[in-house]
Each structure stands twice: as C-alpha cells, then as structure tokens.
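Down below is the structure, laid out as structure tokens.
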Amino acid sequence: MPELPEVEMRRRLVASCALHQRVERVIIRDTSILEGATPRTLQRNLAGREFVKTHRHGKWLFIGADSGRWLTMHFGMTGDIEYCEAPINEPPYTRARFGFENGQSLIFTDPRKFGEIGITSDISSFLNKRKWGPDPTHPGFDRVTFRDLLRNRTGLLKGVLMNQRVIAGVGNLYADEMLFQTGLHPETSVGNLRRATIDALYDAMMTVFAASLAVDTDYERLPGNFFLRHRNYSGLCPKCRRPLSTAQASGRTTYYCPRHQRRRS
DNA sequence: AATTCCTCCTGATAGC
DNA sequence: TGCTATCAGGAGGAAT
C-alpha cells in the first residue's frame, strides 16, 4: 500500500508522538516480519531506550534510538503504524508493539505480512546493501539526477519508475499518475526518451508527491484532474471522460487513458 | 548487469 | 446466499 508520501505520513506520526519516551517493552507478535533481527536483538537494542529521531528513504522508515541503533521499517502492501493505548486498544494484525511508560504504544500492523522490521547501526550501509536508488525528495535530487538515472536504461518506462534500485519511493499508483500527467503510455520504451520528456516526468513526480502530501495522502481531496481520483475499474479519464484501459506492466496492473497516453519519445 | 516472472500472505470483492 | 476465483499501493530471488 504505502508509497513515498504514505511512508512520509507515517514518519511524521512517529516524529510527532513517539519520540523522547522510554520504551518499556518490545513485543513481537509475529517473528516472520523480522528481517535480520530476532526479538532478543530488538529488545536488547531498544528496551529501556528512547526514540529520538526519524528518517525516511523512499518507502523505508528509520526510527533512531538513543542507543545509536535505528529501527528499520518497511510496510509492504498493507503495513501501517498506530499510536494508541495498548494492550487495551491493540488493533488487529498487530505484528510488533513498542510500549512506552505512559501506557501508549507504537504499533506495527500488517495483515499480509509483506512488511518487515529490523535494526541497523548505519542507514547508508543498510541502503547500499540493498542497492537502493536515491530518494527524489531529498536535497540534491534534481532534473539532472533524474536524467542520469534514466539514461542507459532499457525496458518499459513503468517498470523503470517502479524499480526501487533506480528511484526509491515511486510505486504502482504514483507511477500511473506521473505517466498520465506526462501523457506517456506505460509501455513506452525508456530508451531514447527526449530530454524534454524526461524533464516533464521529473516535474510530474515532484508535483504529485507534493500534492499528495498537501492533502495528507487523502486522494479524494486531490484536484479532480488527478489520475488517482479516477484510477479504478470503472474510472473515466479526467480529460475526455472515456473509460480507462488496463494492462499488465512489470507484473502490476496499470491504468491509463488510451487517448491521452501515447508511446512517444 | 538488467529485466521479467514467481512467490510470499490474507482480506475484499467480482462473478457465478 | 454462498461459494470460488481473482486481485491488491511491494520486493526478493530465480530464471532468462
């Protein structure tokens, strides 16, 4: 479910309510979400500590403790975070719970269990090990960066945009929005795209992320000409009011308007 | 080295 | 109504 803006919302939630309190207990309800960590290592590094800072890279969330270690979180398709009183109000599908001394808990829920939790001492090496690409919302990521990332790539544009090793944070839905706003067919070849087209894609990416965060990722509050408002099986193109088409691109369902999204360079 | 396909897991919904 | 099939905002690993 969550792409870059949704993970940013989760980061803000953690930053606003879960910092500077002592973690009394670390409870792992399902060890299958742990990646490179055990319940014991999480407890040893976090119990008795305070979370003091947060960081996000693409769809990854990092929560820093005063032990110097970072709790790492990825939300997969259905992962989420809640801050509530527990165990009284512990939500369904709770996979991990970090209980504070005030009775509130930071809770990681995930019905499908595609998400993961771990621990690292160094964010850079964590990201490098997975060969993750740069986060487009971080300082220094500009049009030139984007051009260089798309240069010398092959395959379909949709697949490249969703490839986290190229750009970290764009998923299926935001890729569709970017392609619609740029008027590009999802199966456009990424090779030999003109510079102006690549720049337009970059502009769309930045616009879409900012617009989504401006409405707290509530798509219903996006302007009516945004694709995300109409992206469903009965949806109509906001420009021509004709039914959208679907296709499989890189294994994912892609929605597009056949009139307004053409293969071109 | 870069891409594509299969797979993990569970709930919601479409279709019969 | 009740059952079955399909699909879902992700990504690692195998296969190509």
Side-chain angles (χ1 to χ4, degrees), chain A residues 1-11 29-37 56-61 72-81 91-96 108-118 126-133 135-136 148-180 186-192 205 208-209 211-213 215-222 226-235 244-256:
Chain A
M1 177 162 112
E3 303 181 37
L4 187 152
E6 284 77 15
V7 177
E8 174 62 15
M9 291 295 290
R10 288 156 172 73
R11 189 198 66 76
R29 297 238 179 273
D30 190 324
T31 56
S32 67
I33 60 152
L34 298 182
E35 189 65 37
R56 182 192 52 72
H57 186 103
K59 303 173 190 173
W60 284 93
L61 175 61
T72 67
M73 279 189 185
H74 193 282
F75 298 99
M77 299 272 263
T78 54
D80 205 352
I81 272 188
Y93 311 111
T94 293
R95 307 304 183 195
F108 180 88
T109 62
D110 188 8
R112 286 176 75 182
K113 301 195 276 193
F114 287 170
E116 59 182 71
I117 281 181
F126 178 90
L127 296 171
N128 289 337
K129 192 156 53 186
R130 299 185 184 234
K131 300 188 171 71
W132 259 203
D135 180 303
D148 289 344
L149 288 169
L150 264 52
R151 189 169 296 153
N152 299 324
R153 287 275 161 183
T154 59
L156 307 181
L157 190 46
K158 175 83 187 269
V160 173
L161 293 175
M162 288 194 302
N163 184 343
Q164 303 302 296
R165 295 186 165 164
V166 181
I167 303 159
V170 178
N172 195 15
L173 293 195
Y174 286 93
D176 279 2
E177 180 73 51
M178 289 169 62
L179 291 165
F180 175 77
E187 290 170 339
T188 302
S189 245
V190 75
N192 46 29
M205 174 174 68
V208 170
F209 283 156
S212 182
L213 280 169
V215 297
D216 295 340
T217 68
D218 176 1
Y219 297 167
E220 291 309 305
R221 290 165 57 203
L222 286 171
F226 269 63
F227 196 67
L228 289 171
R229 291 279 301 273
H230 312 276
R231 187 191 180 282
N232 58 65
Y233 71 98
S234 58
L244 301 177
S245 298
T246 60
Q248 292 293 119
S250 304
R252 312 298 299 282
T253 300
T254 290
Y255 285 80
Y256 66 99

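Chain identifiers are assigned alphabetically (A, B, ...) following the order of the sequence lines, protein sequences preceding nucleic acid strands; residue numbering begins at 1 within each chain. Since we're looking at a predicted model, the values are computed, not measured.
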By the 4.0 Å heavy-atom rule, please label [X] as base, sugar-phosphate, or nothing.
{"X": "A:Tyr174", "value": "nothing"}
{"X": "A:Trp132", "value": "sugar-phosphate"}
{"X": "A:Gly251", "value": "nothing"}
{"X": "A:Ser32", "value": "nothing"}

So does [X] get a side-chain nitrogen or oxygen closer than 4.0 Å to the phosphate oxygens (OP1/OP2) of [N]?
{"X": "A:His74", "N": "C:dG10", "answer": "no"}
{"X": "A:Arg130", "N": "C:dG12", "answer": "yes"}
{"X": "A:Tyr93", "N": "B:dG11", "answer": "yes"}
{"X": "A:Lys113", "N": "B:dC8", "answer": "no"}

Could you please name the partner base of B:dC9, counting Watson-Crick and G-U wobble pairs only when both distances are under 3.5 Å? none
Pair A:Tyr174-A:Ser212, side-chain donor/acceptor within less than 3.5 Å: yes
What's the CE-C1' distance between A:Met162 and C:dG9, to the nearest Å? 10 Å
Length of the NZ-P vector between A:Lys158 and B:dC5, whole Å: 14 Å
Test for a donor-acceptor pair under 3.5 Å between the base of C:dA8 and the side chain of A:Arg112, counting only N and O atoms. yes
Side chain A:Arg10, main chain A:Glu6, donor-acceptor under 3.5 Å: yes
